[in-house]
> 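Just passing along the structure, written as structure tokens.
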Amino acid sequence: MTMAYNLCSSPSSPCPDHHFLFCNTLSAPRPLNLTPYHPLPKPKKPISISPHSKPSLQITHVSTQNPPSAQTPSPNQNPDHKTGFSSKTHIWVNPKNPRASQLRHKSQNSRYDSLVKVAGLLNSCNALEKDVYSILGELGYKIVEQDAVIVLNNMSNPNTAPIVLKYFQERIKLNKEGILYNVTLKVFRKCKALDRAEKLFDEMLERGIRPDNVTFSTIISCARLCSLPKKAVEWFEKMPSFGCEPDGVSFAVMIDAYGRAGNVEMALSLYDRARTENWRIDAVTFSTVIRIYGTSGNFDGCLNVYEEMKALGVKPNLVLYNTLLDAMGRAKRPWQVKTIYKEMLNNGFTPGWATYAALLRAYGKARYGEDAISVYREMKEKGLELNVVLYNTLLAMCADVGFTDEAIDIFEDMKSSENCKPDSWTFSSLVTVYSCCGKVSEAEDKLNEMLDAGFEPDIYVLTSLIQCYGKANRTDDVVRTFNRILELGITPDERSCCCLLNVMTQTPREELVKLTGCIEKANPKLGAVVKLLVEETNIEGDIFKSEAGELLDSIGADVRKAYCNCLIDLCINLNLLERACELLDLGLTLEIYTDIQSKSPIQWSLHLKSLSLGAALTALHIWTNDLSKVLEDGEELPSLLGINTGHGKHKYSDKGLAGVFESHLKELNAPFHEAPDKVGWFFTTKVAAKSWLESRRSHEVVAA
DNA sequence: ATAGGGTTAG
């Protein structure tokens, strides 16, 4: 017998234009070069790897020389051959046709699937030689090394895996025993069992099997997964003594190990070494390095690595794009996220779940409400499920930008989804949603819904509710809710104190005393500072400033600006402009506020983005004083003066700073006018500013 | 899928 497939390439052939692969639906003869492995000597009978399947359906008739059934005619004998028609039992497939490879895959799949099934049985059986061997016995005698690799590679039970290894060692003539050890190491890695991996390594040496780079990278990544970076280093350093030169993958694993351990410096120095030693660094390694830069907050580092990669001619892959998108999201650079995402689509990549998750996180964090919602819709259209974290990210964004209706829809969708349930984060975002639009009873309903769902009230949801009552000027309910926090044994945190402080900025003067009591209980230091303001205590020199400075030093960097903004707002409400200036000055000294004023030869600017209204007015007051001083000193103003209020996506504010600020500028008769083409900018000319500042000064003189 | 590295967060 010659070939079981027929190449009809001769001009006289009935099918001159095509090469046909002769396929039989019962037996699947196939070209030799496609045979995945070569069991030698060739079995006379098909190897039964799947005990339950009929011989005729087995995939082991891969040997083209050995059709499994004598009844199967060879193509040359096939009476239908010349006509090109298939008989009932045969189909003709062009080998260049995708169908041919589909059929090949199908036949391989059943073998692979059977071996995977066996691996599944071994994962859940007792770790007894008797039980393990009995399952493996089903494979029959004619198992080959590759079968053993597939079985072990699909295992996850660290107790049965060594017995399986032993079985194969006994039954198969192994040419590459090291491979079997390496896949068994992978099982231990899956279970984060470094001690077992190390034991197996010793056993390997005892049997005289030489470890290779695969062995080491598997053990190193196991140590990484176990969060044992020192062990990872130890194994990495062992490599040369076993004659193993670390290669690209070894470096990649070590870079990741250092990165996960928080040792950014070592990770990056290895990356440097890999570069200077001219290792071919691939996209996987680059994405690891980008992730390390991203999690350590060096976002420009991410982009530099990305540029380096492109310069080296390495093509980005989907994971790399996902990592980069995630990093730019953390960096709060949604515009960069958009650019990179566009590039990714242009390069033909299809976004996956991780891509959408990165986009949602980026847009949510940056309060790009419309963009976040459209990502959400796209995910729903594609049938991609969101998890709790993603839903909560969306809902938090809705609360931030005031998307009430969207939040309600998303919450309904979340409740109807199978795999995820609202948690206390969800409810607290919803309470915030209602609190922002002043719907007190709806906010209370959400708290009750949360309790009905079996959650304990927590600091987050109660803080959101305090915010809600505060906005509605229900001071007694604020106090009641705050006391509830204390009664539950919860210690108020920085955010809840900040919330109380924010409520104070919206509360009439006569009710403030009720809230100072709460704040004193929550944070005595803050209580003392607030009391100095509310009681309008006259104190000497810099005592207030030093008290406030001590307070701001004692709290986390993430809430410092919020505290400072609230305290200044409180001052403005209480007509304590001097105190407000002291606080703003303190904020500048402590670098809570930076770059409020800037100067270029043609334009001086006041940047009020991220300042509260009170802080913005205080900054304006100081700026105008500074400008007056310039005139007094006989110096020149630039031709243009600008105030930037930002685009106004502020939490808990309907219009944003820009809207409110405009009316204040009018009140002050300040000649600034909103720029039609630059959102959030107010401009005036040197001439107008000069006359305004001079008239202001003469008023002051009159007042004095 | 068929011996080694990467994307899941608030």
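To find a chain, count down the sequence lines: A is the first, B the second, and so on, and within it residues start at 1.
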> Does A:Thr285 get its side chain close enough to the base of B:dG5, under 3.5 Å, for a donor-acceptor pair?
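Present.
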> Which heavy-atom pair separates A:Lys421 from A:Val388 by the least distance, and what is that distance?
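Taking every non-hydrogen atom into account, O-CG1, 3.8 Å.
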> Can you check whether any acceptor in the base of B:dG5 is under 3.5 Å from a donor in the side chain of A:Asp282, or vice versa?
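Present.
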> Does A:Arg291 put a side-chain nitrogen or oxygen below 4.0 Å from OP1 or OP2 of B:dT7?
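For B:dT7, OP1 or OP2 has a side-chain N or O of A:Arg291 closer than 4.0 Å.
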> For A:Met239 and B:dG4, give me the distance from atom CE to atom P, rounded to whole Å.
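It is 15 Å, rounded to the nearest whole Å.
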> Tell me whether the OP1 or OP2 atom of B:dG5 has a side-chain N or O from A:Arg189 closer than 4.0 Å.
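Result: yes.
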> Counting only side-chain heavy atoms from C-beta out, which of B:dA3, B:dT2, B:dA9 sits nearest to A:Val214?
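Ranking B:dA3, B:dT2, B:dA9 by closest atom to the A:Val214 side chain puts B:dA3 first.
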> State whether the number of non-hydrogen atoms from other residues, nucleotides or ligands found under 6.0 Å of A:Tyr460 atom OH is greater than 12.
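Atom OH in A:Tyr460 is not crowded, with 12 or fewer foreign heavy atoms closer than 6.0 Å.
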> Would you measure the distance from the P atom in B:dT2 across to the matching atom in B:dG6 and give it in whole Å?
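B:dT2 and B:dG6 have their P atoms separated by 14 Å.
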> For A:Val461, is there any backbone N or O sitting under 3.5 Å from a side-chain donor or acceptor partner on A:Asp458?
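Yes, because the side chain of A:Asp458 sits within donor-acceptor range (under 3.5 Å) of the backbone of A:Val461.
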> Using a cut-off of 4.0 Å on non-hydrogen atoms, how would the nucleic acid contact of A:Asn213 be classed: base, sugar-phosphate, or nothing?
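Base, at least one base atom sits under 4.0 Å.
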> Would you mind checking if A:Lys166 and A:Glu170 are paired as a salt bridge, meaning a charged N to carboxylate O distance below 4.0 Å?
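Salt bridge between A:Glu170 and A:Lys166, a charged N being under 4.0 Å from a carboxylate O: yes.
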> What is the distance, to the nearest angstrom, from the CE atom on A:Met309 to the C1' atom on B:dG6?
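About 13 Å, once rounded to whole Å.
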> With a 4.0 Å cut-off on heavy atoms, is A:Ser250 in touch with a base, just the backbone sugar-phosphate, or nothing at all?
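Base, at least one base heavy atom under 4.0 Å.
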> Between B:dA9, B:dG5, B:dT7, spot the one nearest the side chain of A:Asn387, thanks.
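The listed nucleotide nearest to A:Asn387's side chain is B:dA9.
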> Using the side-chain heavy atoms of A:Ala357, tell me which of these nucleotides is nearest: B:dG6, B:dA9, B:dG4.
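Of all the options, the side chain of A:Ala357 is nearest to B:dA9.
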> Between B:dG5, B:dT8, B:dT2, which one does the side chain of A:Asp326 approach most closely?
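So the nucleotide nearest the side chain must be B:dT8.
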> Base of B:dG4, side chain of A:Thr218 - is there a donor-acceptor contact under 3.5 Å?
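No, no donor-acceptor pair under 3.5 Å.
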> In whole angstrom, what separates A:Leu394's CG from B:dT8's C1'?
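It is 15 Å, rounded to the nearest whole Å.
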> Any side-chain N or O of A:Lys186 below 4.0 angstrom from OP1/OP2 of B:dG4?
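Checking A:Lys186 against B:dG4: at least one side-chain N or O falls below 4.0 Å of OP1 or OP2.
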> What is the distance, to the nearest angstrom, from the CG atom on A:Asn153 to the P atom on B:dT2?
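My rounded result for the distance is 6 Å.
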> Measure from the side-chain heavy atoms of A:Arg224 and tell me the nearest of B:dA1, B:dA9, B:dG6.
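Closest nucleotide among those given: B:dG6.
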> Considering only the P atoms, how many Å lie between B:dA1 and B:dG5, rounded to the nearest integer?
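Here B:dA1 and B:dG5 have their P atoms 14 Å from each other.
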> Under 4.0 Å, counting only non-hydrogen atoms across every strand here, what does A:Asn317 touch: a base, just sugar-phosphate, or nothing?
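Touches a base.
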> Looking only at N and O atoms, is any donor in the side chain of A:Asp247 or the base of B:dG4 less than 3.5 Å from an acceptor on the other one?
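Per atom types, the contact qualifies.
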> With a 6.0 Å cut-off on the ring centroids, do A:Phe349 and A:Tyr321 count as close?
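Ring-ring flag for A:Phe349/A:Tyr321: true, centres closer than 6.0 Å.
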> In whole Å, what is the span from the CD atom of A:Gln146 to the C1' atom of B:dT2?
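Checked: the CD to C1' distance equals 5 Å.
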> Assign A:Val249 to base, sugar-phosphate, or nothing according to its heavy-atom contacts below 4.0 angstrom with the strands shown.
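Here A:Val249 touches the bases of the nucleic acid.
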> In whole Å, measure the gap between the C1' atoms of B:dT8 and B:dG4 for me.
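Result for the C1' pair: 23 Å, nearest Å.
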> Determine, using ring centers only, whether A:Tyr341 and A:Tyr363 are less than 6.0 Å apart.
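A:Tyr363 vs A:Tyr341: aromatic centres not under 6.0 Å.
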> Side chain of A:Trp425: nearest nucleotide among B:dT8, B:dG10, B:dA3?
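From the listed options, B:dG10 comes nearest.
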> Which is true for A:Val319 with a 4.0 Å heavy-atom rule: it touches a base, it touches only sugar-phosphate, or it touches nothing?
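Contact class for A:Val319: base.
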